[in-house]
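The next block holds one structure in the form of structure tokens; read it before the comments.
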Amino acid sequence: MTLGERLNKIIEEQNISKAEFAKRVGITRNYIYILTGNSRPGTERNKDISPMLAKVIAMEFGYDENWVLKGDN
């Protein structure tokens, strides 16, 4: 599962918009659309997040930090 798929899963499971997700973790709406969308088909360029952002997402929504960052359980 890609980072975008994991983030979309969190957004869907939390039943929130991408804009709300971005606001709650302190990133721009544009950045979340880049991370979760297919802005560059066939590449994962610009689709990485920092360990700190993964930690914020994990803490805010109750997911495992390693799963958010790398897909590890």
Side-chain angles (χ1 to χ4, degrees):
M1 181 180 285
T2 67
L3 173 63
E5 290 169 336
R6 291 190 302 277
L7 295 177
N8 280 320
K9 180 179 176 78
I10 294 169
I11 291 164
E12 181 180 319
E13 287 179 353
Q14 297 293 315
N15 196 30
I16 59 174
S17 67
K18 289 181 180 182
E20 177 65 19
F21 178 93
K23 181 180 177 182
R24 286 176 62 179
V25 298
I27 61 175
T28 66
R29 288 187 304 174
N30 187 51
Y31 188 43
I32 193 61
Y33 284 107
I34 289 170
L35 292 173
T36 60
N38 198 13
S39 59
R40 292 184 174 90
T43 182
E44 286 300 305
R45 186 176 172 194
N46 292 333
K47 294 199 178 184
D48 290 321
I49 59 172
S50 69
M52 181 59 86
L53 180 54
K55 186 174 194 167
V56 169
I57 293 168
M59 290 176 64
E60 178 67 26
F61 298 107
Y63 289 83
D64 181 77
E65 178 181 343
N66 289 320
W67 178 79
V68 173
L69 188 61
K70 302 176 192 170
D72 297 340
N73 287 333

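These numbers were taken from a predicted model, which means no experiment stands behind them.
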* Could you walk me through whether Leu7 and Phe21 pass the side-chain contact (heavy atoms from CB on, under 4.5 Å) test, one step at a time? => CA-CA 9 Å; Leu7 295 177; Phe21 178 93; 4.0 Å; yes
* Taking only residues two or more places apart in sequence or in another chain, which ones pass side chain to side chain donor-acceptor pair (under 3.5 Å) with Arg29? -> none
* Asked: Can you name the side-chain contact (heavy atoms from CB on, under 4.5 Å) partners of Asn15, sequence neighbours left out?
  -> none
* **Sequence-distant partners of Lys9, salt bridge (Lys or Arg N to Asp or Glu O under 4.0 Å), two or more places apart** => Glu13
* How many angstroms lie between CG in Asn66 and NZ in Lys55, if you round to the nearest 0.5 Å? -> 11.0 Å
* Does Val56 have any side-chain contact (heavy atoms from CB on, under 4.5 Å) partners at least two apart in sequence or in another chain, and if so, which? -> Val25
* To do: Mind checking side-chain contact (heavy atoms from CB on, under 4.5 Å) for Leu69 and listing every partner two or more places apart, or none if nothing turns up?
  => Ile49, Pro51, Ala54
* To do: Decide yes or no for Glu65 and Ile57: does some side-chain heavy atom of the first lie under 4.5 Å from some side-chain heavy atom of the second?
  => no
* Quick check: does any side chain N or O of Glu5 sit under 3.5 Å from a backbone N or O of Thr2, one acting as donor and the other as acceptor? -> yes
* **Those residues that, when tested against Glu60, pass salt bridge (Lys or Arg N to Asp or Glu O under 4.0 Å) (two or more places apart)** => Arg24
* Can you name the closest pair of heavy atoms from Lys18 and Ile32 and give their distance? -> O-CG2, 3.6 Å
* Asked: Got a sec: does the CE of Met1 have more than 12 other heavy atoms crowding it under 6.0 Å?
  -> yes
* To do: Is it possible for you to say whether Leu35 and Met59 belong to one hydrophobic cluster, with membership spreading through side-chain heavy-atom contacts below 4.5 Å?
  => no
